[in-house]
Amino acid sequence: MCPWNTAVLYGKDYGNINTGCYYSCSIDKARFLSEKMMRDVLLRFKNRMLQGVYDCKEDVLPLLTPSEINFIENEIKKAKQSEERKLAEERNIRLKKAAALIAQYPDEKSLLSAYYGEKDCVSRENGIIFFNPDSQKDVVGAEKMSYDEYLNVQLASLGHGYRSGIANGLFNYLLEFKGQIEKVNAKHICFRRIFISGMYPDGVMFDDKEDHVWMSKTGFEELDVGDSVSFGADVYRYIKTGNGKLIDYGLRNPTGIKKIEEYQLPSDDELYMQMVGEIVCETCYLSGHCSRVTCLLPKGVKKEQKKEMMNFLKRRNNMEAE
């Protein structure tokens, strides 16, 4: 028995003792009580326990008095108003600091007002924006930029060749890369396509690919055009300047370089089907109970769902293309 259980504090109509405190806890509201009220509530609870009041869990009287309940609600309102004022003040400060960028990107006003100068990262369909000022230190070529210049480059990069497959390595685990060397020059090599094997933090594996990936020749000196290799590498961000300053994602510090037999890369449709499978699993009503190893749905159901979603996405893409 816990004094902060919702049913104990507010009575049987507001909670259920039998579900336990994890599902029926009001300590976040009780924390607003004054020191004297807290002491009175705990003494009241102790006396009721000794009197056997809670032996009957079906008919629980409120531990809080009406005045204590009103006090808590008023304190909650005050705390909410105070928090809203604080957030508004912080937003106004960010708006002032980001004024120059907002003038340049008026459509991003809400984004900049919420995250400018904050330690946040915002993922968009067409790119990622790192707002943390410290993240600038990890971007090759951005070392001497001001914070506004750093954000400007990121905003300008949205929708410009976003390498989501490689960028995945900033948040997940990229375990192995496989590719066939297409070009070699004095300092760099280029892979026509790189196949990526990765793993999400929850242990679920995924595959991806990127086309025309350039890397430093260091470590690949003994390889020639046409050779297929597997390797590990670090993901990093850098400023490319071929067509204005834009953020791009690359691979460096290769490890475990091995020459392998020529292999067949998964097709775009196969990789697309994998993505569809992940969506089906994430939206499944059994996702909270599934290990993602053995499907809990009746045999053939997941396959049919994937097929239907694949057909729907193809029809939508065709309509958008028209």
Side-chain angles (χ1 to χ4, degrees), residues 90-174 190-191 193-194 196 198 200-201 206-215 233-252 268 271-272 274-276 278-279 282 313 316-322:
E90 291 175 348
R91 181 177 183 273
N92 288 332
I93 291 172
R94 287 192 291 268
L95 282 171
K96 290 179 181 179
K97 290 182 177 179
L101 279 174
I102 292 172
Q104 191 171 354
Y105 300 96
D107 292 342
E108 305 294 352
K109 180 178 179 179
S110 60
L111 181 74
L112 291 165
S113 68
Y115 298 106
Y116 185 93
E118 301 297 311
K119 295 181 179 181
D120 291 285
C121 174
V122 177
S123 180
R124 292 277 196 84
E125 183 179 355
N126 57 353
I128 307 172
I129 302 177
F130 290 79
F131 285 93
N132 190 342
D134 291 337
S135 67
Q136 183 177 339
K137 301 173 185 176
D138 301 323
V139 181
V140 176
E143 300 86 356
K144 297 182 179 180
M145 288 183 172
S146 67
Y147 180 63
D148 273 19
E149 288 173 332
Y150 173 55
L151 288 184
N152 194 342
V153 170
Q154 294 189 79
L155 290 167
S157 301
L158 294 176
H160 288 271
Y162 171 45
R163 291 186 180 273
S164 59
I166 294 179
N168 239 336
L170 297 172
F171 311 99
N172 304 298
Y173 307 102
L174 301 189
C190 177
F191 292 95
R193 170 175 284 190
I194 278 187
I196 303 167
Y200 296 117
F206 66 88
D207 298 324
D208 212 328
K209 55 89 179 178
E210 287 292 348
D211 294 328
H212 303 293
V213 178
W214 286 89
M215 291 184 66
D234 296 330
V235 174
Y236 74 105
R237 296 185 299 152
Y238 67 96
I239 304 293
K240 64 178 182 180
T241 56
N243 186 22
K245 292 182 178 180
L246 298 172
I247 288 279
D248 204 352
Y249 300 82
L251 300 173
R252 62 183 176 184
D268 288 343
L271 291 172
Y272 202 54
Q274 175 190 264
M275 181 189 71
V276 167
E278 291 174 357
I279 295 174
E282 289 172 2
L313 292 174
R316 191 184 70 174
N317 289 340
N318 291 335
M319 291 174 62
E320 290 177 351
E322 292 174 1

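Position 1 is the first residue of the sequence; numbering continues from there. What you see is a predicted model, and the numbers here were worked out from it, not measured in a lab.
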Query - Test item: Cys121 and Phe171 side chains (from C-beta on) under 4.5 Å apart, heavy atoms - result: yes

Query raised in the report: How many angstroms lie between atom CG of Asn126 and atom OG of Ser164, to the nearest 0.5 angstrom?
Result: 11.0 Å

Report summary line: Between Pro201 and Tyr173, the two heavy atoms sitting closest are CA-CE1, 3.9 Å

Query raised in the report: Are Ile128 and Ile247 side-chain neighbours, meaning at least one heavy-atom pair lies under 4.5 Å?
Result: no

Query raised in the report: Any side-chain heavy atom of Arg163 within less than 4.5 Å of one from Asp248?
Result: yes

Query - Validation row: Leu111, Arg124 side chains within 4.5 angstrom (heavy atoms) - result: yes

Report summary line: dist Ser113:OG -> Glu108:CD (nearest 0.5 Å) comes out at 10.5 Å

Requested in this report: Quick one: closest heavy-atom pair of Ala100 and Asp148, and the distance?
Outcome: CB-OD2, 4.2 Å

Query - CG-CZ distance between Leu174 and Phe206, expressed to the nearest 0.5 angstrom - result: 5.5 Å

Report task. Taking atom OH of Tyr115 as the centre, report whether more than 12 heavy atoms of other residues, nucleotides or ligands fall under 6.0 Å from it. Result -> no

Query raised in the report: With no hydrogens and no angle check, do the side chains of Tyr200 and Asn172 hold a donor and an acceptor under 3.5 Å apart?
Result: no

Query raised in the report: So do Leu95 and Lys109 actually touch side chain to side chain, heavy atoms under 4.5 Å?
Result: yes

Query - Ring centres under 6.0 angstrom apart (Tyr147, Tyr116) - result: yes

Query raised in the report: Do Ile239 and Met145 come close enough that some side-chain heavy atom pair is under 4.5 Å?
Result: yes

Query - Gap between atom CD1 of Ile129 and atom CG of Leu155 - 0.5 Å precision - result: 4.5 Å

Query raised in the report: NZ/Lys245 to OG/Ser157 distance, rounded to the nearest 0.5 angstrom?
Result: 11.5 Å

Requested in this report: Determine the minimum heavy-atom distance between Phe130 and Gln154, stating which atoms define it.
Outcome: N-OE1, 2.7 Å

Report task. List the atom of Glu210, the atom of Gly165, and the distance in Å for their closest heavy-atom pair. Result -> OE2-N, 2.7 Å

Query - Heavy-atom side-chain proximity of Tyr150 to Pro133 below 4.5 angstrom - result: no

Query raised in the report: How close do His160 and Ala156 get, heavy atom to heavy atom, and via which atoms?
Result: CD2-O, 3.0 Å

Report task. Locate the shortest heavy-atom distance separating Leu158 from Gly127; write the atom from each residue and the value. Result -> CD2-CA, 3.8 Å

Query raised in the report: Side chains of Leu251 and Asp234: does their closest heavy-atom pair fall under 4.5 Å?
Result: no

Query - Lys/Arg-Asp/Glu bridge criterion (N-O < 4.0 Å) met for Asp138, Arg237 - result: no

Query raised in the report: When you look at Leu101 and Leu151, which way does the side-chain contact (heavy atoms from CB on, under 4.5 Å) test go after all the steps?
Result: CA-CA 8 Å; Leu101 279 174; Leu151 288 184; 3.7 Å; yes

